[in-house]
Amino acid sequence: MISDFALPNPLPRSFYNRSALVVAKELLGKLLVRNLDKGLLIGKIVEVEAYLGAKDPASHAYRGPTKRNEMMFGEGGHLYVYFTYGMHFCANVVTGKTGVAEAVLLRAVEPLDGIETMLRKRGFASLNRNLTNGPAKLCQAFGIGRNENGTDLLGSEIFIVDAVTSRKEPIGVSTRIGVSRGKEKRWRFFVKGNEWVSKRNNTEYRRQKR
DNA sequence: TAGTTGATCGTCT
DNA sequence: GACGATCAACTAA
């Protein structure tokens with residue numbers, strides 16, 4: 001249990017008010033924290049993807065603001081949660097200044113604390129990789145859904161802090177997963193070799209492993 | 001282990 | 001009316 005220790009303050013607004021490409025890389029290794037009545041859920045961010053709004057055909061914001069994507073056009077440091085495939089939620093960290101629709105998709109975390117609660121929310125009896133190694137999986141484990149869309153990451157409910165012991169870990173880069181447009185952009189970043197990264201069989205991962 | 005497919009519905013065309 | 005920033009269950013080998 002590390003929740004007995006005092007956590008650092010949430011990352012400041014200035015951290016988020018930068019390009020999604022910069023924020024995405026720097027988010028690796030940081031801690032995603034969910035503050036529930038029962039206690040804290042904490043996961044180390046090990047995999048992210050950057051979505052660059054108007055410049056990015058794969059982004060929900062490519063064609064301009066709509067009711068669904070309006071969060072992305074707001075101030076950095078808020079959560080953009082969307083519903084997809086009729087059954088899944090995915091969570092993004094909004095970056096850039098107001099009016100810039102950039103965001104970073106949280107794809108995978110390494111569970112560190114509150115694991116009992118995460119297991120219950122996912123319906124698992126014991127710890128395994130499927131708990132949080134995918135964007136919809138980590139949302140389910142952290143209880144992130146429609147209600148969490150727009151949450152301010154500088155509040156006390158959901159926030160991100162610097163890891164206390166942040167060793168420099170090697171970062172891998174690849175194309176993004178599951179997109180049909182903007183395929184060629186290498187805007188996925190992950191902690192190399194970390195077992196909680198979503199796809200072990202990703203081509204880029206294999207190439208770098210060899 | 002790799003490859004395929006069904007589930008399921010909100011959002012945009 | 002089509003499709004999706006996914007997942008889990010299934011098949012084949």
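Just so it is clear, the structure is predicted and the values come from calculations on it, not from any experiment. Proteins come first, then strands; the chains are lettered A, B, ... in the order of their sequence lines, and each starts at number 1.
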Task: chain A contact limits on DNA chain C, taken 5' to 3' with a cut-off of 4.0 angstrom to heavy atoms - done: dG4(C) to dA8(C)
- [ ] Can you tell me which residue pairs pass the side chain to side chain donor-acceptor pair (under 3.5 Å) test with a partner in residues 130-153 of chain A, sequence neighbours excluded?
- [x] Arg13(A)-Asp152(A), Arg34(A)-Glu148(A), Arg122(A)-Gln140(A), Asn130(A)-Lys137(A), Asn133(A)-Lys137(A)
TODO: For Lys30(A), enumerate each residue passing the salt bridge (charged side-chain N to carboxylate O under 4.0 Å, His left out) test, keeping only those at least two apart in sequence or located in another chain.
DONE: Asp162(A)
Task: Ser174(A) side, atom OG; Phe189(A) side, atom CZ - distance, nearest 0.5 Å - done: 9.0 Å
TODO: Please work out the stems of DNA chain C from pairs that are Watson-Crick or G-U wobble with both distances under 3.5 Å, keeping only runs of three or more consecutive pairs.
DONE: B:1-7 with C:6-12, B:9-12 with C:1-4
Task: Separation between CG of Leu52(A) and OH of Tyr62(A), rounded to the nearest 0.5 Å - done: 12.5 Å
Task: Side chain proximity check, Val104(A) to Tyr16(A), heavy atoms < 4.5 angstrom - done: no
- [ ] First locate atom CZ of Phe89(A), then atom CD1 of Ile144(A), and finally report the distance between them rounded to the nearest 0.5 Å.
- [x] 11.0 Å
TODO: Determine whether Val109(A) and Trp196(A) make a side-chain contact, defined as any pair of heavy atoms from C-beta on separated by less than 4.5 Å.
DONE: no
Open item on the list: Within residues 96-107 of chain A, which residues have any heavy atom lying less than 4.0 Å from an atom of DNA chain C?
Closed with: Leu105(A), Arg107(A)
- [ ] Supply the atom-to-atom distance Ile160(A) CD1 to Ile45(A) CD1, rounded to the nearest 0.5 angstrom.
- [x] 4.5 Å
- [ ] Rounded to the nearest 0.5 Å, what's the gap from CG on Leu7(A) to CZ on Phe159(A)? Could you check?
- [x] 6.0 Å
- [ ] For residues Leu105(A) and Cys90(A), determine if any side-chain heavy atom of one lies less than 4.5 Å from a side-chain heavy atom of the other.
- [x] yes
Output side-chain donor-acceptor pairs under 3.5 Å for residues 73-86 of chain A, partner residues at least two apart or in another chain, one line each.
| residue | atom | partner | partner atom | Å |
| --- | --- | --- | --- | --- |
| His78(A) | ND1 | Gly150(A) | O | 3.4 |
| Tyr80(A) | OH | His60(A) | ND1 | 2.9 |

- [ ] Sort and list the pairs that fulfil side chain to side chain donor-acceptor pair (under 3.5 Å) and have at least one residue in residues 36-48 of chain A, not counting sequence neighbours.
- [x] Lys44(A)-Glu169(A), Glu47(A)-Arg107(A), Glu47(A)-Arg188(A), Glu47(A)-Ser198(A)
Extract from the structure each pairing of a protein N or O with an N or O of nucleotides 7-9 of chain B at less than 3.5 Å, listing the distance.
| residue | atom | partner | partner atom | Å |
| --- | --- | --- | --- | --- |
| dT8(B) | O2 | Tyr85(A) | O | 2.6 |

Task: Inter- and intrachain pairs under salt bridge (charged side-chain N to carboxylate O under 4.0 Å, His left out), touching residues 79-104 of chain A, at least two apart - done: Lys55(A)-Glu102(A)
Task: Sugar-phosphate only, base, or nothing, as touched by Arg181(A) at under 4.0 Å among non-hydrogen atoms - done: nothing
TODO: Return the set of residues passing side chain to side chain donor-acceptor pair (under 3.5 Å) with Ser19(A) (not counting sequence neighbours), or none when no residue passes.
DONE: none
Task: Positions of residues 134-149 of chain A (non-hydrogen atom under 4.0 Å from DNA chain C), listed by number - done: Gly134(A), Pro135(A), Ala136(A), Lys137(A)
- [ ] For DNA chain B, find the residues of residues 54-67 of chain A with a heavy-atom distance under 4.0 Å and give them by number; none if there aren't any.
- [x] Arg63(A), Thr66(A)
TODO: To the nearest 0.5 angstrom, please state how far the CG atom of Leu32(A) sits from the CG atom of Leu138(A).
DONE: 7.0 Å
TODO: Looking at every strand, decide which applies to Arg68(A) at a 4.0 Å heavy-atom threshold: base, sugar-phosphate, or nothing.
DONE: sugar-phosphate
TODO: With the side chain counted from C-beta on, respond yes when Leu106(A) and Phe142(A) share a heavy-atom pair under 4.5 Å apart, and no when they do not.
DONE: no
TODO: Decide if atom CD of Glu157(A) counts as having more than 12 heavy atoms of other residues, nucleotides or ligands within a radius under 6.0 Å.
DONE: yes
